[in-house]
Q: 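Below you will find the structure I want to go over with you.
Lettering of chains follows the sequences in order, A, B, ..., and the numbering in each one begins at 1.
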There are 2 protein chains.
Amino acid sequence: MSTSDRGLHGHVLGTLGPAITAGEYPPGSVLRTDELAQRFEVSRSVMREAVRVLESMHLVESRRRVGVTVRPKAEWNVYDPQVIRWRLAGADRPQQLRSLTVLRSAVEPVAAGLAARFATAEQCAKLTESALGMVANSRGHRLEGYLLHDVAFHRVILEASGNEMFARLGDVVAEVLAGRTHHEIMFDDPDPAAVTLHVRVAEAVREGDGERAERLTREIAVGALQELDVLAP
Amino acid sequence: MSTSDRGLHGHVLGTLGPAITAGEYPPGSVLRTDELAQRFEVSRSVMREAVRVLESMHLVESRRRVGVTVRPKAEWNVYDPQVIRWRLAGADRPQQLRSLTVLRSAVEPVAAGLAARFATAEQCAKLTESALGMVANSRGHRLEGYLLHDVAFHRVILEASGNEMFARLGDVVAEVLAGRTHHEIMFDDPDPAAVTLHVRVAEAVREGDGERAERLTREIAVGALQELDVLAP
DNA sequence: GAACAACAATAAGTCTGACTTTTTATGGTT
DNA sequence: AACCATAAAAAGTCAGACTTATTGTTGTTC
């Protein structure tokens, strides 16, 4: 599933990465490549490759005569999709979900405003289709179908914005929405008001009304933030 | 300077990474580890570690019997600080600068709004100090001094927001501001209106007026976007 | 006793060569 | 034309020897 389960190297990463992001090794902890290689029963070459990747994520720092030291959380590359996945799967899942939702609330309204100006005909069509799909699955515990269209909707918005940085947040948003559906919140059926807002955003984008698209998307964001506050005040 | 100039491995990365992000190898291009190792005059182990890191950035994909293929730009981890630095140093610097500025325009206003609620006394002090520093250096070609305080100002805002995802954009903003000062734009002296806005943002944050801080920061962002549009319409 | 210089220990860094495994292309058979 | 066996290619893995930078220690000197 995860992009990094290929090969021994991927397996090591898939174990050590989550352990570090979960805080099992507090900042400043020192690991030694040789010892890790023994523990995971892999050769030093494999272990070194794994450490190099962790280093490129700024999770650890490797120094001669010292070893591999774990860096403080404030230095991690928290935008790395792999790091995000690890953290979402681990102990500070709530905090991660929270900070990602705040990020969404900042980015998506602006993205929607841009989408209204730059979306292609196909993107408008896909957007409307997704919104209608959400409506169709909004009643009667059809959570999976709803999620599918919800993800598609936000993906289109982010891509249609024409900004590559926004577009690359599509996976993150997908992860957040999936998390919300499968774990924490999500009572019986989605909030009808939110569903309506999506439909209206699709309309605004289709009509090229950037300001309205932005304002409506901001309302959706406020709703998402409130959902979080209700759960963990 | 760049975090990755340590060791042979770092040197290889520092050459191959920029080459790829600059588009020297079009998507789908196939490289072979052994050939690269020869070209860079390093051992296969070193080359493999470099490739692993590039793979973790989603710049390339390594497959058996095929080789190391360059991935399309749309799949790159564009939030990786290293990738951002490489792209800012390369050919599509303008586009990168553009998309980063748009990202700033979305994030910073929200961050300022949160900062008004969560900033500590020290952060407020540092913010005011930075704003005054900008004023003091705003006339008479004191660009370096101005830049220093400008970077500090935006860093504090992002950190004081209390959101780790925002905080980690501090380096990116620093890079954008430095780029603006040293390369492209920036006529004789900074726009006086922008300077004033920074002072007023500091005020708003100090007074805990989130809404005003957000609105004012959005004005700053609009100015930054206009600067770009003026330069490349 | 403090400052400093020489030294030794340590863990990462590097290289080499042999071997394994997966995947793709080839070519022959029905 | 479809299919299976085979071969080739490149990444993946391993083991061991060697190099180098860094740090802590020891010993010398004032």
Q: Can a side-chain donor-acceptor contact be found between B:Q82 and A:H58 if the only test is distance below 3.5 angstrom?
A: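 Looking only at side-chain atoms, B:Q82 and A:H58 do not form any donor-acceptor pair under 3.5 Å.
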
Q: Taking the side chain from A:H11 and the backbone from A:G7, do they hold a donor-acceptor pair closer than 3.5 Å?
A: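 Not a single qualifying donor-acceptor pair exists.
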
Q: Assess whether a salt bridge exists between A:R6 and B:E61, defined as any Lys/Arg side-chain N lying under 4.0 Å from an Asp/Glu carboxylate O.
A: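 Salt bridge present between A:R6 and B:E61.
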
Q: Rounded to the nearest 0.5 Å, what's the gap from CG on B:L228 to OG on B:S105? Could you check?
A: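 That separation rounds to 10.0 Å.
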
Q: Please determine if B:R87 and A:E164 form a salt bridge, counting it only when a charged side-chain N lies under 4.0 Å from a carboxylate O.
A: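 Between A:E164 and B:R87 there is a salt bridge, with a charged N closer than 4.0 Å to a carboxylate O.
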
Q: Return the orientation label for the B:H198 and B:H154 ring planes: parallel under 30°, perpendicular over 60°, tilted otherwise.
A: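 If you compare the ring of B:H198 with that of B:H154, the planes turn out perpendicular.
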
Q: Reading DNA chain C 5' to 3', which nucleotide is the first, and which the last, to come under 4.0 Å of any heavy atom in chain B?
A: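 Here the contact window of chain B covers C:dT14 to C:dT24.
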
Q: Heavy-atom contacts under 4.0 Å between residues 29-41 of chain B and DNA chain C, which residues?
A: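 Per residue number, the list is empty: none.
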
Q: In terms of side-chain heavy atoms, does B:H182 have a donor or acceptor partner in B:E144 at a distance below 3.5 Å?
A: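 Yes, B:E144 and B:H182 have a side-chain donor paired with an acceptor closer than 3.5 Å.
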
Q: If you take any heavy atom closer than 4.0 Å to DNA chain C, which residues from residues 45-53 of chain A end up in contact?
A: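 A:R48, A:R52 - these, ordered by number, are the residues of the stretch whose heavy atoms sit under 4.0 Å from the strand.
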
Q: Below 4.0 angstrom, N of the basic side chain to O of the carboxylate: do B:D34 and B:R48 qualify?
A: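 Looking at B:D34 and B:R48, the cut-off is not met.
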
Q: Counting any heavy atom closer than 4.0 Å, what does A:R44 reach on the DNA or RNA strands: base, sugar-phosphate only, or nothing?
A: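 Base, at least one base atom sits under 4.0 Å.
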
Q: So does B:K73 pair up with B:D92, basic N to acidic O under 4.0 Å?
A: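 Salt bridge: yes.
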
Q: When you measure from the side chain of B:R168 to the backbone N and O of A:W76, does any donor-acceptor pair fall under 3.5 Å?
A: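 Looks like yes, one N/O pair under 3.5 Å.
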
Q: Establish whether the base of D:dT23 is bridged to the side chain of A:R65 by a donor-acceptor pair shorter than 3.5 Å.
A: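 In this structure, the two groups form a donor-acceptor pair.
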
Q: In this structure, how many angstroms lie between the P atom of D:dT13 and the CZ atom of B:R64, rounded?
A: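 Answer to the nearest Å: 6 Å.
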
